[in-house]
S.K.: 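Quick one: the structure is below, and I'll ask about it shortly.
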Protein chains: 2
Amino acid sequence: MQAKLKDIAQKSGYSITTVSRALAGYNDVNQQTREHIMQIASELGYQPNLPARQLRIQRTHTVGLIIPSYDHVFSNEFFSQLLLGVGDAASLERYDLLISTQVPGEDEMDAYRRMVGGNRVDGMVIARTRQNDPRIEYLKQQKRPFVVNGRRAPGEVSDFPYIDMDSYNGIQAVVAHFASLGHQQIGLILPPENMAFTEYRHQGYRDGLRAAGLDYRPDYVVYGDLLRTGGYSNANLLLDRQPQLTAIVACNDLMALGVMRALQERGLRVGADVAVSGYDDIPAAEYANPPLTTVHTPIYEIGQRLVRMLIALIDDQALDETQILLPGALIVRESSGGQRG
Amino acid sequence: MQAKLKDIAQKSGYSITTVSRALAGYNDVNQQTREHIMQIASELGYQPNLPARQLRIQRTHTVGLIIPSYDHVFSNEFFSQLLLGVGDAASLERYDLLISTQVPGEDEMDAYRRMVGGNRVDGMVIARTRQNDPRIEYLKQQKRPFVVNGRRAPGEVSDFPYIDMDSYNGIQAVVAHFASLGHQQIGLILPPENMAFTEYRHQGYRDGLRAAGLDYRPDYVVYGDLLRTGGYSNANLLLDRQPQLTAIVACNDLMALGVMRALQERGLRVGADVAVSGYDDIPAAEYANPPLTTVHTPIYEIGQRLVRMLIALIDDQALDETQILLPGALIVRESSGGQRG
DNA sequence: ACATTGATCCGAAACGTTTCGGATGTTCGC
DNA sequence: GCGAACATCCGAAACGTTTCGGATCAATGT
């Protein structure tokens, strides 16, 4: 049975108040008294009852993260790396990470209301912003601390603290790289249309083509689902309609892995016949067969920084920077193939 | 400002008690009264204060999982898949998942004491059992519900509910497979010595050799760290000392990926020159270059089943099965190479 | 009219911890 | 001896929800 302050008070002869103050390091407790109390607490294996403490101090020392759950999408290394960054940074600050996996939609919003409205967490981390993101609207309306990996769509004011990748320039660099290899028929598999970052990548592709003196072809562009299955099916769709394509830019690595699968099943060689790029540089990009060209996203570090920002907000401290845009380095691997005529 | 029961009581004219009972569905509240109260609760966006409720009912509806954190080891897809299985099953039961990432050792044990002793969680999931696992000893001593992915070491009584892979037979199947391809010099990279499952895999390797009429060579066996870096360095160690090796069994996929890196850097072809196998069948095994032979572990499903078992324990329900050993299917991919003379 | 039953509502206490605002005792200075 | 200052300890109330054990009222049966 778990010991309580009351048990230590009984065993030590001091009041519950003194026991609490002694364990909390209050300086109006005699040193010997403190040591005696701490000894008994240790013997009894005392741990403070956290719901009681949380209720009293109105703080849980917990960061909330609700993970979108589609179909094992969590095996998506983007989220696992983010989660590790968040978790490690939280642990360093003596915070825990509370997770709920929810299919986006009403269940997800219920989970936000429960966690935030129920004072279960001190603040939230949000990732993968959507257009008119209801999560952000709810948190702003509740005036509760939160930080975001992502911005609103181009042209909209992002009125919250965020860390995002400059994916506009990242995709532009991919297109420039493929153009420099001689590719003139470059396809694009975008994220879902409702994602806030989709249009940044779309614009990066357009401007990359323009800079390379290539025409934008809408029929070379499809919307995907950020999953390997979406990469696979959309690569097939693109290649069925546009067999002249010699390169495909997928807007994340997981879709790129699906593109590679589709190419291989069609007897096309990745790189040699069709160049492929992903985005994010998840570990699987490097292990892939062949290794995948991508744009590096420091996912783990983003997770860490988000937590540090969030805890500063929770503590009512000013942030050094409230909106951070990180550049992403192009990582060229074998899926680019070589120079072509 | 978050509405409380008291606010609803004031606005409705009923007592706090009646408001609480109405929202909880007690049948001694008039239907009209209930509807009136629920309308006000909805208008005010009421959410129950969860620390208060948890303190009162002595239940948090939370599963705890402390993730070992070495050096981004969480990017290990074993844990991310387990976590997703755990998280999805928990969500289905209206449970949250509380995570702390901790380096194994005293900080980790402090986190267990805080979560369990502080009534932060209703039960714990433990993975990757160690010899004399202090986590298990603590939870047994506390008489708190927990479930384990893994058993104690061979010959020891596992006196707790678990789900484990039959890795003895899994590794034996790998060895048999390599032997059937004609390999006679088969190396082994084990998990760390302090892992409870290491000796099952070691025994599977020995018995697989014996069944194939091959001698056990202790100098073909090293202990690794379950990380890619350990696979890499131990493959180099083995091949420096035993250049005649034509196959290497790594006891998890991540180490196998490191083996493959080491081979490739030595100008050796994976499969053709040295066959490689991992264990677990994480997604990266399939994407690897070349695709990795492995033994399938249904990690996500294990996570789900563990949570169902745990919640049954929390609810004082009998388990259908308290100790489950799952077979793992051999998945042959290109890293095996072909028949050799 | 009185007692019983049923419907409906509610006060009080519990959960365990924290901390405000004293209360008490001792010592020292005047 | 008295008052002030200091060291040390502590009672009470707060946090928000739940639920036990009534309390009250109206209707019905005797």
Side-chain angles (χ1 to χ4, degrees), chain A residues 1-38 40-41 44-62 94 113-122, chain B residues 1-38 40-41 44-62 94 113-122:
Chain A
M1 195 62 243
Q2 194 56 47
K4 298 170 275 194
L5 285 186
K6 173 177 160 182
D7 301 314
I8 302 175
Q10 280 172 359
K11 198 162 182 185
S12 67
Y14 290 103
S15 69
I16 291 171
T17 303
T18 299
V19 170
S20 175
R21 298 175 77 92
L23 294 177
Y26 276 70
N27 61 12
D28 63 349
V29 180
N30 180 284
Q31 184 65 17
Q32 280 186 322
T33 304
R34 174 179 285 109
E35 283 167 7
H36 181 214
I37 286 167
M38 287 173 74
I40 292 171
L44 297 181
Y46 169 75
Q47 289 288 328
N49 181 296
L50 295 173
R53 177 180 278 183
Q54 288 163 8
L55 175 61
R56 180 61 178 81
I57 71 173
Q58 302 281 317
R59 185 67 57 92
T60 62
H61 292 102
T62 311
R94 302 283 170 167
R113 285 189 284 265
R114 199 184 74 244
M115 279 200 192
V116 175
N119 287 346
R120 193 76 208 274
V121 296
D122 297 333
Chain B
M1 191 62 245
Q2 193 56 47
K4 298 169 277 195
L5 285 185
K6 173 177 160 183
D7 301 315
I8 302 174
Q10 281 172 358
K11 197 160 181 186
S12 68
Y14 290 103
S15 69
I16 292 172
T17 303
T18 299
V19 171
S20 175
R21 299 176 77 92
L23 294 176
Y26 277 68
N27 63 11
D28 63 349
V29 179
N30 179 283
Q31 186 64 18
Q32 280 186 324
T33 305
R34 172 178 288 108
E35 282 166 8
H36 181 215
I37 286 168
M38 287 173 74
I40 292 170
L44 296 182
Y46 169 75
Q47 289 288 329
N49 180 295
L50 294 174
R53 177 181 279 183
Q54 288 164 7
L55 175 61
R56 178 62 179 78
I57 72 173
Q58 303 279 319
R59 185 65 60 92
T60 63
H61 293 102
T62 311
R94 302 283 171 163
R113 285 189 284 267
R114 197 184 75 247
M115 278 199 193
V116 175
N119 287 348
R120 194 75 209 275
V121 298
D122 297 332

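Chain letters run A, B, ... following the sequence lines, proteins first, then strands; residues in each count from 1.
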S.K.: Determine the minimum heavy-atom distance between A:Ser12 and A:Val19, stating which atoms define it.
M.R.: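 Residues A:Ser12 and A:Val19, closest heavy atoms: OG-CG2, 4.1 Å.
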
S.K.: Select one nucleotide: of D:dT17, C:dT18, D:dC10, the one nearest the side-chain heavy atoms of A:Tyr14.
M.R.: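 The answer is D:dC10.
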
S.K.: Compare every heavy atom of B:Ala9 with every heavy atom of B:Ile16, then report the nearest pair and how far apart it is.
M.R.: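 Shortest heavy-atom separation between B:Ile16 and B:Ala9 comes out as N-CB, 3.8 Å.
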
S.K.: Counting side-chain heavy atoms from CB outward, which of C:dT18, D:dT18, D:dT8 is closest to B:Ser20?
M.R.: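 Looking only at side-chain atoms, B:Ser20 lies closest to D:dT18.
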
S.K.: Expressed as a whole number of angstroms, how long is the span from B:Arg59:CZ to D:dT18:C1'?
M.R.: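 About 15 Å, once rounded to whole Å.
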
S.K.: If only side-chain N and O atoms of B:Arg53 are considered, is one of them under 4.0 Å from the OP1 or OP2 phosphate oxygen of D:dT18?
M.R.: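 Yes, B:Arg53 has a side-chain N/O under 4.0 Å of OP1/OP2 on D:dT18.
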
S.K.: To the nearest Å, give me how far apart CD (A:Gln31) and P (D:dT8) are.
M.R.: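 Atom-to-atom, A:Gln31 to D:dT8, this comes out as 10 Å.
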
S.K.: Is any side-chain heavy atom of B:Leu50 closer than 4.5 Å to one of A:Arg114?
M.R.: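 Yes; the side chains approach each other to less than 4.5 Å.
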
S.K.: With the side chain of A:Ile57 defined as its heavy atoms from C-beta on, choose the nearest nucleotide among C:dT18, C:dC10, C:dT17.
M.R.: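 For A:Ile57, the side-chain atoms sit closest to C:dT18.
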
S.K.: Any idea which of D:dG16, D:dC9, C:dC20 is nearest the B:Asn49 side chain?
M.R.: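 Nucleotide nearest to B:Asn49's side chain: D:dG16.
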
S.K.: From C-beta outward on B:Thr18, which listed nucleotide comes closest to its side chain: D:dC10, C:dC10, D:dG16?
M.R.: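 Selected nucleotide: C:dC10.
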
S.K.: Report the distance from atom CZ of A:Arg21 to atom C1' of D:dG11, rounded to the nearest whole Å.
M.R.: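 After rounding, the reported distance stands at 12 Å.
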
S.K.: Tell me the closest heavy-atom pair linking B:Asn119 and B:Gln58, and the distance in Å.
M.R.: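 Taking B:Asn119 first and B:Gln58 second, the nearest heavy atoms are ND2-OE1, 3.9 Å.
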
S.K.: Closest heavy-atom contact between A:Val121 and A:Thr60?
M.R.: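 Between these two residues, the closest heavy atoms are CA-OG1, 3.5 Å.
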
S.K.: Looking at CZ of B:Arg120 and CZ of A:Arg53, how far apart are the two atoms once the value is rounded to the nearest 0.5 Å?
M.R.: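 That separation rounds to 11.0 Å.
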
S.K.: Of the listed nucleotides (D:dT17, C:dG16, C:dC10), which one gets closest to any side-chain atom of A:Ala52?
M.R.: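 Of the candidates, C:dG16 comes closest.
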
S.K.: For the side chain of B:Leu55, counting heavy atoms from C-beta on, which of D:dT19, D:dT17, C:dG16 is nearest?
M.R.: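 Of all the options, the side chain of B:Leu55 is nearest to C:dG16.
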
S.K.: Send over the distance from A:Ile8 CD1 to C:dG16 P, rounded to a whole Å.
M.R.: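 My rounded result for the distance is 13 Å.
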
S.K.: To the side chain of A:Thr17, which of C:dC9, D:dT17, D:dA12 is closest?
M.R.: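 Side chain of A:Thr17 sits closest to D:dA12.
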
S.K.: It should be established whether A:Ser15 places a side-chain nitrogen or oxygen under 4.0 Å from OP1 or OP2 of nucleotide D:dG11.
M.R.: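 It does not, given that no N or O in the side chain of A:Ser15 lies less than 4.0 Å from OP1 or OP2 of D:dG11.
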
S.K.: Among D:dG16, C:dT18, C:dT19, find the nucleotide with the atom closest to the side chain of A:Tyr26.
M.R.: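 Per side-chain heavy atoms of A:Tyr26, the pick is C:dT19.
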
S.K.: So what does B:Gln54 touch, heavy atoms closer than 4.0 Å: a base, only the sugar-phosphate, or nothing?
M.R.: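 It contacts nothing in the nucleic acid.
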
S.K.: Checking all strands, does A:Leu50 fall into the base, sugar-phosphate, or nothing category for heavy-atom contacts under 4.0 angstrom?
M.R.: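 Answer is nothing: A:Leu50 stays at 4.0 Å or more from every strand.
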
S.K.: Could you work out which one of C:dC15, C:dT8, D:dC9 sits closest to the side chain of A:Val29?
M.R.: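 Selected nucleotide (nearest to the side chain): D:dC9.
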
S.K.: Using whole Å, report how far NZ of A:Lys6 lies from C1' of C:dG16.
M.R.: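 Those two atoms, NZ and C1', are 10 Å apart.
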
S.K.: Quick one: A:Gln32 CD to D:dA7 C1', roughly how many Å, whole number?
M.R.: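 Those two atoms, CD and C1', are 14 Å apart.
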
S.K.: Nearest whole Å is fine: how far is D:dG21 P from B:Asp28 CG?
M.R.: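 So the two atoms are 14 Å apart, to the nearest Å.
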
S.K.: Starting at the 5' end of DNA chain D, which residue's closest nucleotide do you reach first, A:Asn30 or B:Ala24?
M.R.: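 Closer to the 5' end of DNA chain D: A:Asn30.
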
S.K.: Let me know the distance between CG of B:Asn27 and P of C:dG6, rounded to the nearest Å.
M.R.: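 Computing the B:Asn27:CG to C:dG6:P distance gives 14 Å.
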
